[in-house]
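Both ligands and their constituent atoms are indexed starting at 1 by order of listing. For the single chain, residues carry numbers from 1 onward in sequence order.
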Amino acid sequence: MRRKIVAGNWKMNNTLEEGIELAGQINDLVENTEINDVDVVIGTPFIHLTEVNKVVGEKIGVAAQNCADEKSGAYTGEISASMIKSTGSKYVILGHSERRTYYGETNEILVKKVNLTLENGLAPIFCIGEVLEERQAEKHFEVVKSQIAEGLFHLSAEEFGKVVLAYEPVWAIGTGVTASSDQAQEMHAFIRKTLVEQYGEEVANNTSILYGGSCKPSNAKELFENADVDGGLIGGASLKAEDFMGIITAF
Ligand code: PEP
């Protein structure tokens, strides 16, 4: 059965020193709190990965927030999936809306990143979600379906089994506006139905689908109570250990 996951996305925040401190605080809380069978992940900037992996124990997985779309070579400034793997990290967040919007990440580029992530034994946390205009035009289901199909449906069922999905309506990211519990469940159920059509019931039921977008301790419980919401991808609220823990313990 699918795993419940709460993953933090620190984005471009925290110096190395601050990141080590925050990871230590989260680790202490996770070690000393009864957690209801939830996988905890922290997504840090590249330069933190090695040190944060040393600070956290077995109960926390570490994620990069991106990886290169090439294996190795003359790509100045890029970080490959195999380099990420060598830090002890387990996940790579891919296709975040900020990368799609500010860095021109297309589904075509994402296919290469997904493949390299999987080839290196890392699990992609693959982000999908519509912008406000698309929701207002009632195109949100179509948009999300095509992001999933174009970014992931080249994978075999076995490969797809390693993918975590994160539905993040772009209008809810960092805005303080959260999708309502009903809106989240409606989209998550649609995503699962889309997976059933492509890979069958078993793969679809085993896929964790996270919600992201202004999720915080005060609204996490209501979101996570939905049958198809298997956890969260958390931006702002993952930068304070107590808030992040408040979301983890919302299950
Ligand atoms: C995110 O960037 O993945 C995110 C969900 O951000 P926030 O929680 O701050 O809306």
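The 12-atom threshold is exceeded at CD of E31, counting heavy atoms of other residues, nucleotides or ligands nearer than 6.0 Å. Heavy atoms of other residues, nucleotides or ligands lying less than 6.0 angstrom from CD of E202 number 12 at most. Counting non-hydrogen atoms of other residues, nucleotides and ligands closer than 6.0 Å to CD of E197 gives a total above 12.
Annotation: ligand 1 has protein neighbours N9, K11, H96, E168, A172, I173, G174, G212, G213, S214, L233, I234, G235, G236, each with a heavy atom less than 4.0 angstrom from the ligand.
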### Message
With side chain to side chain donor-acceptor pair (under 3.5 Å) as the criterion, how do K113 and N66 come out once you've worked through the C-alpha distance, each side chain's angles and the decisive distance to 0.1 Å?
### Response
CA-CA 8 Å; K113 295 189 178 194; N66 180 29; 2.8 Å; yes
#### Entry: Test log, rule ring-ring contact (aromatic ring centres under 6.0 Å, His included), inputs F224 and Y211
CA-CA 8 Å; F224 295 172; Y211 167 80; 8.5 Å; no
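By the 30° and 60° cut-offs, the orientation of the rings of H188 relative to Y167 is perpendicular.
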